[in-house]
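By convention in this document, chain letters (A, B, ...) are assigned in the order of the sequence lines, proteins followed by strands, and residues within each chain are numbered from 1.
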Amino acid sequence: MRIVVPLKTVPDLVEEIEFTGEGTGIDREYLKFVLNEWDDQALEEALCVKEAAGGEVVVVGLADDPDIEQVLYTAVAKGADRAVRISGGGESTHARSALLAAYLSGSPADLIITGVQAADDLDGQLPPMLAARLGLPHAGVVIAIEAGDGSVTVRQEFAGGRSAELTVTLPAVIGVQAARQTPRYAPITKIRQVMQAGGIEDVTVAAQSGGHGLTIRRMYSPERTAHAQMLDGGADAVADKIIELLRSRGLVKG
Amino acid sequence: MANDILVLAEHSGGQLSDSTYELLGKARELARSTGGKAEVAVFGPADLAGQLGAADTVVWVDHPALAGYVPEAYEKALAHVLAQRSPRLLLLSNATIGLDLGAALSVLWDAPLAAYAVDLIVEDGTPVATCQVLGGKVLAEVALDADRAIATVVGGSFGQAAGQADGTAQVVPVAPPASLDEARMSVRRVIEPEAGDVDITTADLLVSVGRGIGSRDDIELVQELADALDAPLSASRPVTDSGWLPKSRQVGKSGLKVKPKAYLAFGISGAPEHLEGMRDAELIIACNTDAGSPIFEIAHYGTTADLFDLVPALTERLSG
Ligand SMILES: Cc1cc2nc3c(=O)[nH]c(=O)nc-3n(C[C@H](O)[C@H](O)[C@H](O)COP(=O)(O)OP(=O)(O)OC[C@H]3O[C@@H](n4cnc5c(N)ncnc54)[C@H](O)[C@@H]3O)c2cc1C
Ligand SMILES: Nc1ncnc2c1ncn2[C@@H]1O[C@H](COP(=O)(O)O)[C@@H](O)[C@H]1O
């Protein structure tokens with residue numbers, strides 16, 4: 001089974017966000033980028049599927065994503081068999097899905113596993129878009145994948161903890177919400193070794209139209225409308241104030 | 001037709017979801033501005049038109065493949081309805097079904113998609129959406145100025161009352177597309193959530209912990225505070241996904257909706273999926289070292305103290 005796992009980097013959410021001069025985009029220059037957390041889950045689940053059913057895991061990134069090399073090498077250190085870097089960038093999910101679909105049309109996969117979403121998906125999520133472009137079935141918000149013969153059984157989650165088991169004929173695209181286990185850790189020394197060995201395969205694909213069709217008027221931080229009253233002082237002063245708030249509502253006995 | 005607003009109904013066991021009413025209420029409002037109709041697409045055998053009197057039209061597609069939610073079957077049925085009804089705007093909930101269908105239809109129906117919408121208006125005939133980006137740290141105002149568009153809307157963004165108004169919808173049965181006779185996907189079984197050891201939905205006070213706690217070993221620290229307050233410990237999704245607390249403690253979109261008298265959040269950033277589950281708490285007090293985290297937009301009181309200092313300080317005062 002050939003499993004392809006598209007990986008993407010996103011701004012680290014702990015960072016301070018700055019906007020471009022026109023105020024219609026995020027200024028990416030000084031941001032730190034990290035692997036999209038749902039892609040990390042997808043990679044873990046893909047490695048688990050490979051361990052259970054055999055096959056090959058190919059991780060794929062887009063060349064213009066900041067720090068994508070680090071992410072691809074780390075994935076190889078964790079157990080991916082090959083890493084592919086596709087020329088071009090994904091300014092939007094529409095653009096990313098067009099590039100990935102072009103790559104996958106040339107090197108078909110049995111199973112495409114990726115994160116259910118990324119934190120900067122303004123124009124929608126990758127897995128269904130990719131599936132639609134490739135004419136494949138897909139399911140998102142998946143928390144377990146079990147490989148069968150020519151199919152996979154996946155558990156798709158709904159609100160309130162309800163879920164359903166779906167049997168999906170391969171090839172298919174699955175959007176992972178959470179892997180069956182906490183994503184594994186690759187020791188730094190191992191990542192360094194992989195980096196020194198190199199071996200990211202570069203692939204150029206024919207550019208496809210991938211506009212998202214939205215007109216972004218402005219982007220801004222919602223903090224302006226924030227209404228939390230901030231409690232000052234050190235931990236002790238804050239603790240006193242919180243106890244007082246709870247006590248005045250009868251939520252602390254005594 | 002070209003000015004209509006179409007909502008996809010979500011239902012199970014003959015019951016429509018809260019989000020269906022939220023979207024229908026908004027669809028009515030938007031349709032007044034566009035001069036079109038508010039339409040709801042209902043898939044499957046259940047006759048739900050009686051519960052959708054607030055709609056102008058209920059477009060009903062039935063087929064054995066639509067007996068329960070199957071992404072492939074719903075996608076085919078919705079693409080078919082969109083081709084027949086040609087609405088100006090399709091509204092989906094930004095939950096599992098909307099996450100599956102929105103992006104797929106954006107490609108198949110060739111319509112721009114605004115995801116994570118928390119507000120929608122019509123300006124001079126053009127729908128304009130306000131969307132959350134980066135876990136709610138950023139808002140984007142986007143105009144959907146193509147001749148057709150899709151928005152997936154975050155649960156709880158709009159009220160349900162307008163969608164539950166009385167009225168009579170015209171029912172338009174639509175013959176299912178032939179493509180539904182072939183399936184590459186089927187439901188094997190539906191799994192109901194397991195009951196937990198404690199019911200976090202009935203507690204007056206919740207102590208809630210997020211990824212900021214950092215490790216399983218440190219859960220003990222907040223558990224001690226919860227014990228001292230005689231409150232259950234609840235959590236954000238990463239904490240339950242990591243197995244640090246049982247799934248029955250998860251607050252949010254895919255967990256439980258809670259409405260305690262007070263909700264104490266420690267090390268929770270306030271992603272839209274988390275806020276969906278606790279925004280209605282009467283009092284929200286949030287502790288997060290990042291002053292820019294979205295939890296502070298809905299919290300009543302906030303502190304940027306380190307939880308590793310604040311939590312023991314609170315526990316000490318309660319047990320002293
Ligand atoms: C379909 C879907 C459904 C989902 N359903 C849910 C759901 O039901 N419930 C849910 O919670 N999430 C859900 N999520 C996940 C959601 O998007 C977020 O990833 C999640 O809520 C983040 O959890 P968090 O706030 O604990 O972690 P993070 O976002 O990582 O936040 C941790 C916070 O801790 C702060 N912090 C770190 N150290 C300290 C310290 N020492 N003291 C104080 N603060 C500190 C940081 O500043 C940070 O803001 C869902 C996602 C999807 C795609
Ligand atoms: N296993 C596969 N993995 C990736 N792409 C595929 C696969 N099978 C078919 N495709 C591509 O998907 C597109 C549509 O395929 P289909 O609708 O199945 O004929 C074509 O460009 C195919 O090359």
Region of B:Leu134 that comes under 4.5 Å of a non-hydrogen atom in chain A: both
Does A:Arg184 have more than 12 heavy atoms from other residues, nucleotides or ligands lying within 6.0 Å of its CZ? yes
Checking B:Leu307 against chain A: side chain, backbone, both or neither under 4.5 Å from a heavy atom? neither
Which heavy atom of A:Leu251 sits nearest a heavy atom of B:Leu205, and at what distance? O-CD2, 3.9 Å
Okay, A:Ala131 and chain B: the region with an atom under 4.5 Å from a heavy atom over there is neither
A:Glu37 portion near chain B, given a 4.5 angstrom heavy-atom threshold: side chain
Closest heavy-atom pair, B:Thr96 versus A:Gly140, reported as atoms and distance to 0.1 Å, is CG2-O, 4.3 Å
In terms of heavy-atom proximity below 4.5 Å to chain A, should B:Asp204 be classed as side chain, backbone, both, or neither? both
Let me know if A:Leu130 has heavy atoms under 4.5 Å from chain B in its side chain, its backbone, both or neither. neither
Under a 4.5 Å heavy-atom cut-off, does chain A meet the side chain of B:Glu10, its backbone, both or neither? neither
Heavy-atom proximity to chain A below 4.5 Å, by part of B:Val128: side chain
Side chain from CB out, backbone as N, CA, C, O: work out which of these in A:Arg249 comes under 4.5 Å of a heavy atom of chain B, or both, or neither. side chain
Contact origin within B:Asp309 toward chain A - heavy atom pairs under 4.5 Å: both
Let's test your reading of the structure: which of A:Gly250, A:Gly161, A:Gly233, A:Gly213 forms the most heavy-atom pairs below 4.5 Å with chain B? A:Gly161
At their closest point, which heavy atom of B:Leu310 faces which heavy atom of A:Ala239, and how far apart are they? CD1-N, 3.7 Å
From CD (B:Glu192) to CZ (A:Arg162), nearest 0.5 Å: 5.5 Å
Where B:Pro71 and A:Leu166 come nearest, the two heavy atoms and their spacing: CD-CD1, 3.8 Å
Between A:Thr24, A:Asp120, A:Asp121, A:Leu122, which shows the greatest number of heavy-atom pairs under 4.5 Å with chain B? A:Leu122
Go through the atoms of B:Thr130 and report whether side chain, backbone, both or neither lie under 4.5 Å from a heavy atom of chain A. side chain
Whatever's closer than 4.5 Å to a heavy atom in chain A on B:Ala95 counts as neither
Output for pair (A:Leu245 CG, B:Ile285 CD1), nearest 0.5 Å, gives 4.5 Å
Tell me yes or no: between the side chains of B:Glu75 and A:His138, is some donor less than 3.5 Å from an acceptor? yes
Let me know if B:Tyr301 has heavy atoms under 4.5 Å from chain A in its side chain, its backbone, both or neither. both
Salt bridge (Lys or Arg N to Asp or Glu O under 4.0 Å), that's the test. Do A:Asp236 and B:Arg317 meet it? Break it down for me. CA-CA 9 Å; A:Asp236 285 317; B:Arg317 279 163 179 70; 3.2 Å; yes
Checking heavy atoms, do the side chain of A:Thr153, its backbone, both or neither come under 4.5 Å from chain B? side chain
For chain B, find which of A:Asp240, A:Val10, A:Leu170 contributes the most heavy-atom pairs closer than 4.5 angstrom. A:Asp240
Decide if atom CD of A:Glu91 counts as having more than 12 heavy atoms of other residues, nucleotides or ligands within a radius under 6.0 Å. no
Where does B:Ile150 contact chain A at under 4.5 Å (heavy atoms): side chain, backbone, both or neither? neither
Go through A:Asp232, A:Leu13, A:Thr182 and name the one with the most non-hydrogen pairs under 4.5 angstrom from chain B. A:Leu13
Heavy-atom proximity to chain A below 4.5 Å, by part of B:Ser254: both
Under 3.5 Å, is there a donor-acceptor pair linking the side chains of B:Asp100 and A:Gln156? yes
To the nearest 0.5 Å, what is the distance between CG on B:Asp290 and CD on A:Glu16? 7.5 Å
If one checks every heavy atom of B:Ser12 against chain A at 4.5 Å, the contacting part turns out to be side chain
Hey, which of A:Ala118, A:Pro127, A:Gly124 has the most heavy atom pairs under 4.5 Å with chain B? A:Gly124
Taking it one step at a time, do A:Glu157 and B:Lys247 satisfy salt bridge (Lys or Arg N to Asp or Glu O under 4.0 Å)? CA-CA 12 Å; A:Glu157 209 181 51; B:Lys247 191 84 187 159; 3.3 Å; yes
So, taking the atom named CG in B:Leu139 and the one named OH in A:Tyr220, what distance separates them when rounded to the nearest 0.5 Å? 4.5 Å
Please classify the contact between A:Ile26 and chain B as side chain, backbone, both or neither, with a heavy-atom cut-off of under 4.5 Å. side chain
Top contributor to chain B contacts, counting heavy-atom pairs under 4.5 Å, from A:Gly160, A:Ala178, A:Ala172: A:Gly160
Given B:Ser106, which partner from the list A:Gln125, A:His94, A:His212 fulfils the side-chain hydrogen bond (donor to acceptor under 3.5 Å, both in side chains) test? A:His94
Using heavy-atom distances under 4.5 Å, tell me whether A:Gln117 contacts chain B through its side chain, its backbone, both, or neither. side chain
Interchain contact, A:Ile216 with chain B, by part (heavy-atom threshold 4.5 Å): both
